Amino acid sequence: HPFSPLRVKALQHFHDSEFIDVNGISKDQLETNVQSLMGIMEPSYLEGKTEVAEAMRRMLFAGAIAVADASGGISEKEVEVFKEFFGKFALNDNLNLEKIKNTMADRAKDVNKLASRSQCAQIIRDLVLISKADKNVSNKEKKVLIKAAGLLGVSNETVEQALGFDVELD
């Protein structure tokens, strides 16, 4: 089966975790690693038609606006990454950015009702892509990421780990 190597790799991550070895990787890191692998087998929430996927996209949209606008406006590079997620017409001058940013808590509640912790961590990893668009994550952007993580029940460790990886969109 084409996904068997991914499952074996997930088992290897478990073997390297604190559940097997006291000095192993944390539960949060294990979940992040396994979700990254298993996400390959599942359709992306960006294209999904489920209620969960819709809630996740709505949270990503508000979070992306908040992260991108955190440091004095949305840069051209942030706009480019935003368009890769949502399409070229999603970000326009008619949007009320402040109103959208203020919906993050409500949108996070919807996600928390429907999504798993690993799906919430995926939203944070995608928000990190927005923050890294211009190659410099400001302290203000990092605060927004930490706020979004808190709203989604994702650890600050997950934010730090995501910020440490060089990630590119497919």
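Every value quoted in this text rests on a predicted model; they were computed, and no experiment measured them.
Between His15 atom NE2 and Leu30 atom CG the span is 12.5 Å, to the nearest 0.5 Å. If you take CG on Leu60 and CZ on Phe86, they are separated by 3.5 Å, rounding to the nearest 0.5 Å. We find the CD1-CD distance between Ile74 and Glu80 to be 13.0 Å, quoted to the nearest 0.5 Å. In this structure, Cys120 SG and Met59 CE are separated by 8.5 Å, a value rounded to the nearest 0.5 Å. To the nearest 0.5 angstrom, His13 atom NE2 is 4.5 Å from Asn33 atom CG. One finds the NZ atom of Lys77 at 6.5 Å from the NZ atom of Lys135 (value rounded to the nearest 0.5 Å).
Put simply, the side chain of Arg107 gets close to the backbone of Arg58: a donor and an acceptor are under 3.5 Å apart. A donor-acceptor pair under 3.5 Å is absent between the side-chain atoms of Glu51 and the main chain of Leu114, judged by distance alone. Glu31 contributes a side-chain N or O that, together with a main-chain N or O of Ser118, makes up a donor-acceptor pair within less than 3.5 Å. Of the possible polar contacts, one joining the Asn112 side chain to the Ala108 backbone as a donor-acceptor pair under 3.5 Å is found. With hydrogens and angles ignored, the 3.5 Å screen pairs a side-chain donor or acceptor of Thr32 with a backbone N or O of Asp28.
The two residues Ser131 and Leu163 have their closest heavy-atom pair at OG-CD2, 4.0 Å. Annotation for Asn92 and Asn94: closest pair OD1-N, 2.8 Å, computed over non-hydrogen atoms. Annotation for Leu95 and Ala90: closest pair CD1-O, 3.4 Å, computed over non-hydrogen atoms. Heavy-atom minimum distance, Val81 versus Leu129: CG1-O, 4.1 Å. Heavy atoms only, all atoms of each residue included: Ser71 and Lys140 are closest at OG-CB, 4.0 Å. Ile65 and Leu97 get closest at one heavy-atom pair: CG2-CD2, 3.8 Å.
More than 12 heavy-atom neighbours from other residues, nucleotides or ligands sit within 6.0 angstrom of CG on Asn96.
With respect to Arg57 and Glu54, a salt bridge is recorded, a charged nitrogen being found less than 4.0 Å from a carboxylate O. For the pair Asp69 and Lys101, the salt-bridge criterion is met [side-chain N within less than 4.0 Å of a carboxylate O].
Connection of Val34 to Ile20 is established within a shared hydrophobic cluster, with ILVMFWY side chains joined at heavy-atom distances below 4.5 Å, either directly or through further cluster members.
The shortest distance between side-chain heavy atoms of Met104 and Leu151 falls below 4.5 Å. Side-chain contact check for Val137 versus Val128: every heavy-atom pair is 4.5 Å or farther apart. Taking 4.5 Å as the limit, every side-chain heavy atom of Lys83 sits out of range of all side-chain heavy atoms of Leu91.
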Chi angles and distances behind the side-chain hydrogen bond (donor to acceptor under 3.5 Å, both in side chains) call for Ser75, Glu78: CA-CA 5 Å; Ser75 74; Glu78 289 167 329; 3.3 Å; yes
Stepwise side-chain contact (heavy atoms from CB on, under 4.5 Å) check, Lys27 with Ser17: CA-CA 7 Å; Lys27 177 184 172 193; Ser17 75; over 6 Å; no
Step-by-step side-chain contact (heavy atoms from CB on, under 4.5 Å) determination, Gln119 to Val111: CA-CA 9 Å; Gln119 288 172 311; Val111 171; over 6 Å; no
Test log, rule side-chain hydrogen bond (donor to acceptor under 3.5 Å, both in side chains), inputs Asn102 and Glu98: CA-CA 6 Å; Asn102 290 331; Glu98 290 306 313; 5.1 Å; no
side-chain contact (heavy atoms from CB on, under 4.5 Å) between Thr50 and Tyr45, worked out: CA-CA 8 Å; Thr50 66; Tyr45 72 95; over 6 Å; no
Test log, rule side-chain contact (heavy atoms from CB on, under 4.5 Å), inputs Val159 and Ile124: CA-CA 7 Å; Val159 174; Ile124 297 303; 3.8 Å; yes
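Glu160 and Asn156 share no side-chain donor-acceptor pair at under 3.5 Å. Glu157 and Gln29 share no donor-acceptor pair across their side chains, judged by distance under 3.5 Å alone. For the 3.5 Å distance criterion, the side chains of Gln122 and Asp126 qualify, holding a donor opposite an acceptor.
Taking the six-membered ring for Trp, Phe61 and Phe85 have ring centres at least 6.0 Å apart.
Using cut-offs of 30° and 60° on the angle between ring planes, the pair Phe14 and Phe19 is parallel.
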